[in-house]
Amino acid sequence: MDMPSHSRDAGAPRLLILGGTSEARELAAQLAARGGYTLSLSLAGRTRNPLDQPAPTRSGGFGGVEGLAAHLKAERINALIDATHPFAASMSRNAAEAACSAGVPLLALVRPEWRPVPRDRWTGAADIAGAVEKLGAAPRRVLAALGRNEVRALEAAPQHHWLVRSIDPVAPPLALPRVRYIEARGPFAQADERALLAENRIDAVLSKNSGGEATYGKIAAARALGIEVIMVARPPRPQVETAASVEAALAWLERLPHHSSPDRRGV
Ligand code: NAP
């Protein structure tokens, strides 16, 4: 991607944003518009056709904690913002350890989780395997919107009719006798989600507690139709400074000590 001139400012604070979320894109867009930072956005490289990003982008893993710490030093990063998805637990753990070992200030940008409201029929689960178990032994018609790494857990329950939604095709196909695949990328409107649930006579939704607006439509639609949601709790996060919104992350950046500018660190 071409670097806008403000992204190359000599002496401008150098920021690395760990992305893969709408918040990371929005933060990068706002910082690019403001200028005064040298930005880099990092993606895991999982989706075949990632969305365009509003900042210079790198793709692929760093090689664990050591790899990320080495990258922070080599790129003279002044601040790291972990804006990965709330379920990207390994990356967040690595970010916390690498930032600590490289002496780089770290902020986690984590959207608030969804909370049940009246008429929601949620059943909690600790992880995806647990959620599949909580569907029970009797055959049900289930919508599952999961990532490619997680979807294999559904094979433990071949008695259900599965409607599996993912951004990229599930390959190889799941070893399930009754499964239909939909490829789609959010955001998903509540009215469309309601139609999808009704047309497919879905009686349970398997969801991660991702938070945010983009994928809440299925939760609101399930509530409206009286459908049970098996809600997978978020994995534990490292104890680091955390912002719940892009605005709060921008405020944190403004408070960053001046001594963290590349000129003064002498690295
Ligand atoms: P994960 O399990 O926490 O991370 C596994 C490994 O993938 C990490 O150790 C790291 O490899 C690499 N990685 C993850 N995020 C990266 C990033 N932003 N930049 C560079 N490398 C990254 O992650 P995940 O749950 O598979 O998520 C992968 C990506 O998809 C993340 O960017 C996340 O924001 C996005 N995403 C995830 C979900 C979800 O439900 N998990 C949903 C929407 C979007 P190394 O150890 O080699 O550095």
Side-chain angles (χ1 to χ4, degrees), residues 1 15-28 39-75 77 80-99 101-102 104 106-111 113-114 125-129 131 144-154 164-168 170 183-188 205-216 218-219 230-238 240 242 246 249:
M1 170 185 273
L15 306 184
L16 175 61
I17 302 171
L18 304 175
T21 58
S22 52
E23 288 80 4
R25 289 184 80 232
E26 194 192 325
L27 177 65
L39 299 177
S40 164
L41 199 141
S42 177
L43 299 177
R46 298 282 158 74
T47 46
R48 281 188 189 172
N49 299 303
L51 295 172
D52 281 342
Q53 301 290 334
T57 303
R58 65 166 300 287
S59 180
F62 296 95
V65 175
E66 293 74 22
L68 178 55
H71 179 92
L72 294 174
K73 288 180 189 158
E75 295 296 320
I77 299 297
L80 175 62
I81 296 156
D82 172 15
T84 55
H85 190 271
F87 280 75
S90 306
M91 188 69 251
S92 291
R93 221 171 26 244
N94 290 358
E97 288 183 33
S101 87
V104 171
L106 166 68
L107 179 75
L109 170 51
V110 190
R111 60 177 87 133
E113 60 184 3
W114 298 320
D127 53 27
I128 293 180
L146 300 173
R148 241 185 302 180
N149 294 343
E150 303 151 327
V151 84
R152 302 270 145 210
L154 308 186
V164 174
R165 181 165 67 193
S166 56
I167 294 179
D168 290 318
V170 175
E183 284 149 41
R185 191 197 296 265
F188 301 104
V205 172
L206 198 163
S207 174
K208 293 181 287 188
N209 195 331
S210 296
E213 292 292 316
T215 58
Y216 189 70
K218 63 179 179 287
I219 308 300
I230 315 287
M231 187 63 84
V232 180
R234 293 180 173 187
R237 297 192 54 81
V240 301
T242 299
V246 169

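What you see below is based on every heavy atom in this structure, not just the backbone, and it leaves out hydrogens, waters and symmetry mates. Because the structure is predicted, anything quoted here is derived from the model rather than measured. Numbering of ligands and ligand atoms starts at 1, following listing order.
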Protein heavy atom at shortest distance from atom 2 (O) of ligand 1: S90 OG, 3.9 Å

So, taking the atom named CD1 in I17 and the one named CG in L27, what distance separates them when rounded to the nearest 0.5 Å? 4.0 Å

Touching ligand 1 at all, G63? Heavy atoms, strictly under 4.0 Å? yes

Can you name the atoms of ligand 1, numbered from 1 with element, that are less than 4.0 Å from a heavy atom of N94? 9 (O), 46 (O)

If we only consider heavy atoms of R93, is any one of them less than 4.0 Å away from an atom in ligand 1? no

Students should be able to answer this: which protein heavy-atom is nearest to atom 46 (O) of ligand 1, and at what distance? G64 N, 3.1 Å

Show me which atoms of ligand 1 lie under 4.0 Å from any heavy atom of N149. 26 (O)

If you define the side chain from C-beta out and look only at heavy atoms, does anything of E66 sit under 4.5 Å from S101? no

Numbered in order shown, the ligand 1 atoms found under 4.0 Å of a heavy atom of G60 are 20 (C), 21 (N)

May I ask you to identify the nearest protein heavy atom to atom 35 (C) of ligand 1, giving residue, atom name and distance to one decimal place in Å? G20 O, 3.7 Å

For ligand 1 and A83, I'd like to know whether there is a polar contact (N/O to N/O, distance under 3.5 Å). no

Start with the C-alpha distance between S207 and K218, add both sets of side-chain angles, then the distance that settles side chain to side chain contact (heavy atoms under 4.5 Å, CB included), and finish with yes or no. CA-CA 9 Å; S207 174; K218 63 179 179 287; 3.5 Å; yes

When you measure from the heavy atoms of L68 to every atom of ligand 1, does any distance fall below 4.0 Å? no

Within the structure, does at least one protein heavy atom fall under 4.0 Å of atom 11 (O) of ligand 1? yes

Below 4.0 angstrom from a heavy atom of G61, which ligand 1 atoms are there? Numbered from 1 as shown, please. 11 (O), 21 (N), 45 (P), 47 (O), 48 (O)

Can you tell me the protein heavy atom closest to atom 18 (N) of ligand 1 and the distance? S42 O, 3.0 Å

Using modelled atom types and a 3.5 Å cut-off, is there a donor and acceptor pairing between side-chain atoms of D168 and backbone atoms of R48? yes

Any idea which protein heavy atom is nearest atom 48 (O) of ligand 1, and the distance to it? F62 N, 2.7 Å

CG (L68) and CD (E97) are apart, to the nearest 0.5 Å, by 10.5 Å

Element-labelled atoms of ligand 1 that are located less than 4.0 Å from some non-hydrogen atom of T84: 18 (N), 34 (O)

Step by step, work out the side chain to side chain contact (heavy atoms under 4.5 Å, CB included) result for W114 and S210. CA-CA 7 Å; W114 298 320; S210 296; 4.2 Å; yes

4.5 Å side-chain heavy-atom contact, V104 and L16: no

Neighbour count >12 (heavy atoms, 6.0 Å) for atom CD, E213: no

Counting from 1 in the order shown, the ligand 1 atoms closer than 4.0 Å to a non-hydrogen atom of A89 are 3 (O)

Quick one: nearest non-hydrogen protein atom to atom 13 (N) of ligand 1, plus distance? M91 SD, 3.4 Å

Nearest 0.5 angstrom please: D127 CG to E150 CD, how far? 10.5 Å

Looking only at heavy atoms, which two atoms of A108 and V240 are closest? And how far apart? CB-CG2, 3.7 Å

Separation between OG (S42) and NE2 (H71), nearest 0.5 Å, reads 6.5 Å

T84 and S92: which non-hydrogen atoms are nearest, and at how many Å? OG1-OG, 3.3 Å

Answer yes or no for G67: is there a heavy-atom contact with ligand 1 below 4.0 Å? no

As an exercise, state the distance from CZ of R111 to OG1 of T21, rounded to the nearest 0.5 Å. 6.0 Å

Are I128 and K208 close enough that some pair of their side-chain heavy atoms sits under 4.5 Å apart? yes

Contact partition for S59 relative to ligand 1, non-hydrogen atoms under 4.0 Å: neither

Which one of K208, H85, R46, R234 has a non-hydrogen atom at the shortest distance from atom 28 (C) of ligand 1? R46

Examine G19 against ligand 1 and note whether any of their N/O atoms are separated by less than 3.5 Å. yes

Provide, to 0.1 Å, the distance between atom 17 (C) of ligand 1 and the closest protein heavy atom, together with that atom's residue and name. A44 N, 3.5 Å

Give me the residue, atom name and distance of the protein heavy atom closest to atom 23 (O) of ligand 1. A88 CB, 3.6 Å

Rounded distance (nearest 0.5 Å) linking atom CG of L109 with atom CG of L18: 11.0 Å

Which atoms of ligand 1 have any heavy atom of R58 under 4.0 Å away? 20 (C)

Ligand 1 contacted by G45 (non-hydrogen, < 4.0 Å): no

